[in-house]
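Only this structure's heavy atoms are used, side chains among them; waters, hydrogens and symmetry mates stay out. Both counts, for ligands and for their atoms, begin at 1 and track the order of listing. As the structure is a prediction and not an experimental result, all values here were calculated from the model.
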Amino acid sequence: MKSIAIIGASGYTGAQITSLIDADNNLVIQGLYVSENSLDKGKPLSELYPTYSHISQSLSPLSAEAKALIVKQADGVVLATDHAVSLHLAAWFFEQGLAVFDLSGAYRFSDTTQYPKWYGFEHDYPEVLSHAVYGLAEWNAAQIADSKMIAVPGCYPTASLTALKPLSSLLTAVLPVINAVSGVTGAGRKAQLNTSFCEVSLTPYGVLGHRHQPEIVTQLGQEVIFTPHLGNFKRGILATITVQLKAGTTEADIKAAYAVYDDAPLITVKQNQFPKVDDVTNTPNCHLGWKFDPQTGYLVVASAIDNLMKGAASQALQCIKIHFKY
Ligand SMILES: NC(=O)C1=CN([C@@H]2O[C@H](COP(=O)(O)OP(=O)(O)OC[C@H]3O[C@@H](n4cnc5c(N)ncnc54)[C@H](OP(=O)(O)O)[C@@H]3O)[C@@H](O)[C@H]2O)C=CC1
Ligand SMILES: CC(=O)N[C@@H](CCC(=O)OP(=O)(O)O)C(=O)O
């Protein structure tokens, strides 16, 4: 039995992973934490999320005493906190010897020069960063098992990389074009005007400047054009991706490439059938559907995940299972 502390447990991804850890017989929740001055400190999680009425724990402030208790009692810590908060907490818990599963982007780039540009801070912990591994569970299991600093991928990169990585040896110099739509939970729980009910209407955002573009590029090893969109639904991501494949590529080559997922129970691949967001919401699954035009060499592949599950919490749980080997 491994004991896990969850920091940022009142947020969307934090509450989601709390419910997954609560349901896992190999794990026990050490505690649920929010910031020291949180308006929610002391409240039962179930007061915020009545769906989780079966979970009895309350939200504790992350005081110095609480941090010391976590170090004493927990084997691992999940950080479901903003990038700038995770930056410091991850380093501190890692240095205390705990396994860290960080849902933020604070440890996803190994190159420290990326952080000022994409996250607005200098990375103060290059030594800790040198231990960080990218927690794309189907691809990096060996590294996840070996490292105590796991940077769980972003939601759009998870959807995009799951579709594109099998094709990497087949791509031409024509840049893959990724158009992805996310539900509003992708923006987190805190109130913001642009994510309030009356304001949300399908629109692109972060055009040619979203931080997930360099994350995808780094992990794919190839430039891409990435355009995220905000949709008027709660959860889920659909990424529709157009790529050109090398001359002479056949459908059999594409099938062989996607056969990499034959032993991946959470990934489903279909030819000439396209996924729906509703089929993956509230599940840890990724559904891929592709169609190829041999005349032009263009392939369209669509990838559907739940942003809070495969895009965050359930992928973190995959990493926990891989790391703790159960
Ligand atoms: N939403 C999504 O689909 C995805 C999110 N992510 C990433 O996961 C992380 C969490 O996202 P999300 O759940 O959406 O965010 P939310 O805004 O919903 O939740 C953030 C949580 O962090 C807590 N918190 C804030 N400051 C501190 C602090 N100093 N110490 C401890 N807890 C703190 C908040 O509570 P309080 O303020 O009351 O203290 C709240 O519980 C982010 O880095 C995000 O980028 C990654 C993939 C997908
Ligand atoms: C709809 C929406 O706003 N989505 C978020 C992505 C959420 C995510 O994956 O989080 P990371 O920041 O941890 O990468 C965004 O575009 O910023």
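Residue, atom and distance of the protein heavy atom nearest to atom 13 (O) of ligand 2 are Arg108 NH2, 2.8 Å. Nearest protein heavy-atom contact of atom 9 (C) of ligand 1 is Thr81 O, 3.4 Å. Scanning the protein heavy atoms around atom 10 (O) of ligand 2, the nearest turns out to be Arg211 NH2, 3.9 Å. In terms of protein heavy atoms, atom 29 (N) of ligand 1 is closest to Val85 CG1, 3.6 Å. Atom 7 (C) of ligand 2 has as its closest protein heavy atom Gly186 O, 3.2 Å. Nearest protein heavy-atom contact of atom 25 (C) of ligand 1 is Ser35 CB, 4.5 Å. Looking from atom 2 (C) of ligand 2 to the surrounding protein, the closest heavy atom is Tyr205 OH, 3.2 Å. Protein heavy atom nearest atom 23 (C) of ligand 1, with residue, atom name and distance: Gly8 CA, 3.7 Å. Of the protein's non-hydrogen atoms, the one nearest atom 9 (O) of ligand 2 is Cys155 SG, 2.5 Å. Of all protein heavy atoms, the one lying nearest to atom 12 (P) of ligand 1 is Thr13 OG1, 3.7 Å. Summary of contacts: the protein heavy atom closest to atom 40 (C) of ligand 1 is Ser10 OG, 3.4 Å. Nearest protein heavy-atom contact of atom 19 (O) of ligand 1 is Gly11 CA, 3.2 Å. With respect to atom 38 (O) of ligand 1, the closest heavy atom belonging to the protein is Ser38 OG, 2.6 Å.
Only side-chain heavy atoms of His212 come within less than 4.0 Å of ligand 2; its backbone N, CA, C and O stay farther off. Heavy atoms from both the backbone and the side chain of Leu103 come within less than 4.0 Å of ligand 1. At a heavy-atom distance under 4.0 Å, no atom of Asn307 approaches ligand 2. At a 4.0 Å heavy-atom cut-off, ligand 1 does not touch Asn37 at all. Residue Val152 does not touch ligand 1, judged by heavy-atom distances below 4.0 Å. Here Ser182 has side-chain heavy atoms under 4.0 Å from ligand 2, and that is the only part of it that gets that close.
Of all the atoms in ligand 2, the ones that sit under 4.0 Å from a non-hydrogen atom of Leu230 are 1 (C). Using a 4.0 Å cut-off to heavy atoms of His83, the atoms of ligand 2 that qualify are 11 (P), 12 (O), 13 (O). Atoms of ligand 2 found under 4.0 Å from any heavy atom of Ala187 (numbered from 1 in listed order, with element): 1 (C), 2 (C), 3 (O). Heavy-atom proximity to Gly154, at under 4.0 Å, picks out these atoms of ligand 2: 9 (O), 14 (O). Per-residue contacts place Ala312 under 4.0 angstrom from the following atoms of ligand 1 (heavy atoms of the residue considered): 47 (C), 48 (C). Atom numbering of ligand 1 starts at 1 in the shown order; those under 4.0 Å from a heavy atom of His83 are 43 (O), 45 (O). Set against the non-hydrogen atoms of Ala80, the atoms of ligand 1 under 4.0 Å away are 9 (C), 10 (C), 20 (C), 21 (C), 22 (O). Below 4.0 Å from some heavy atom of Gly311 lie the following atoms of ligand 1, by number and element: 47 (C), 48 (C). Close approach of ligand 1 to Leu308 is summarised as follows: ligand atoms under 4.0 Å from at least one heavy atom of the residue are 1 (N), 2 (C), 3 (O). Annotation for ligand 1: atoms under 4.0 Å from non-hydrogen atoms of Arg189 are 16 (P), 17 (O), 18 (O). Near Thr185, the atoms of ligand 1 lying under 4.0 angstrom from a non-hydrogen atom of the residue are 1 (N), 2 (C), 3 (O). Using a 4.0 Å cut-off to heavy atoms of Gly188, the atoms of ligand 1 that qualify are 14 (O), 18 (O).
Both Leu32 and Leu27 sit in one connected hydrophobic cluster of ILVMFWY residues. Membership requires side-chain heavy atoms under 4.5 Å apart, directly or through other members. If you chain together hydrophobic residues whose side chains sit under 4.5 Å apart, Leu170 and Trp139 fall into the same group. Hydrophobic clustering (ILVMFWY, side-chain heavy atoms < 4.5 Å, transitive): Ile4 and Ile150 are in one cluster.
At least one heavy atom of Leu103 lies less than 4.0 angstrom from ligand 2. At a 4.0 Å cut-off, at least one heavy atom of Tyr12 sits close enough to ligand 1 to count as contact.
Counting protein heavy atoms under 4.0 angstrom from atom 4 (C) of ligand 1 gives one or more.
Side-chain atoms of Thr250 and Asp253 include a donor-acceptor pair closer than 3.5 Å. Residues Glu215 and Tyr134 have side chains that bring a donor and an acceptor to within less than 3.5 angstrom of each other. In the model, Asn285 has no side-chain atom that pairs as donor or acceptor with a side-chain atom of Thr268 under 3.5 Å. For the residue pair Ser46/Ser53, the side-chain donor-acceptor check at 3.5 Å is not satisfied. A donor and an acceptor atom, one from each side chain of Glu138 and Gln318, are located under 3.5 Å apart.
Note that OG1 of Thr203 and CG of Asn232 are 11.5 Å apart. Values are rounded to the nearest 0.5 Å. Here CG of Leu202 is found 8.0 Å from CZ of Phe233. Values are rounded to the nearest 0.5 Å. The distance from the OG atom of Ser147 to the CG atom of Asn140 is 11.0 Å, given to the nearest 0.5 Å. Expressed to the nearest 0.5 Å, how far SG of Cys319 lies from CG of Asp102 amounts to 11.0 Å.
Between His210 and Tyr156, a ring centre-to-centre spacing shorter than 6.0 Å is recorded.
Of the N or O atoms in His210, one or more lie within a sub-3.5 Å distance of an N or O in ligand 2.
Classified by interplanar angle (parallel below 30°, tilted 30° to 60°, perpendicular above 60°), the ring pair Tyr52/Tyr49 is tilted.
Looking at Asn26 and Lys321, their side chains never come closer than 4.5 Å, going by heavy atoms from C-beta outward.
Of the possible donor and acceptor atoms, one in the side chain of Lys41 sits under 3.5 Å from a partner among the backbone N and O of Glu36. In terms of modelled atom types and a separation under 3.5 Å, the side chain of Gln16 and the main chain of Met309 share no donor-acceptor contact.
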Assess whether ring pair (Phe, Tyr, Trp, His ring centres under 6.0 Å) is satisfied between Tyr107 and His131, documenting all intermediate values. CA-CA 9 Å; Tyr107 286 81; His131 295 275; over 10 Å; no
Using the rule given for side-chain contact (heavy atoms from CB on, under 4.5 Å), can you reason through Tyr12 versus Val184, listing the C-alpha separation, both sets of side-chain angles and the distance that settles it, and then say yes or no? CA-CA 11 Å; Tyr12 284 152; Val184 185; over 6 Å; no
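Using a cut-off of 4.0 Å between Lys/Arg side-chain N and Asp/Glu carboxylate O, Lys276 and Asp279 are scored as not salt-bridged.
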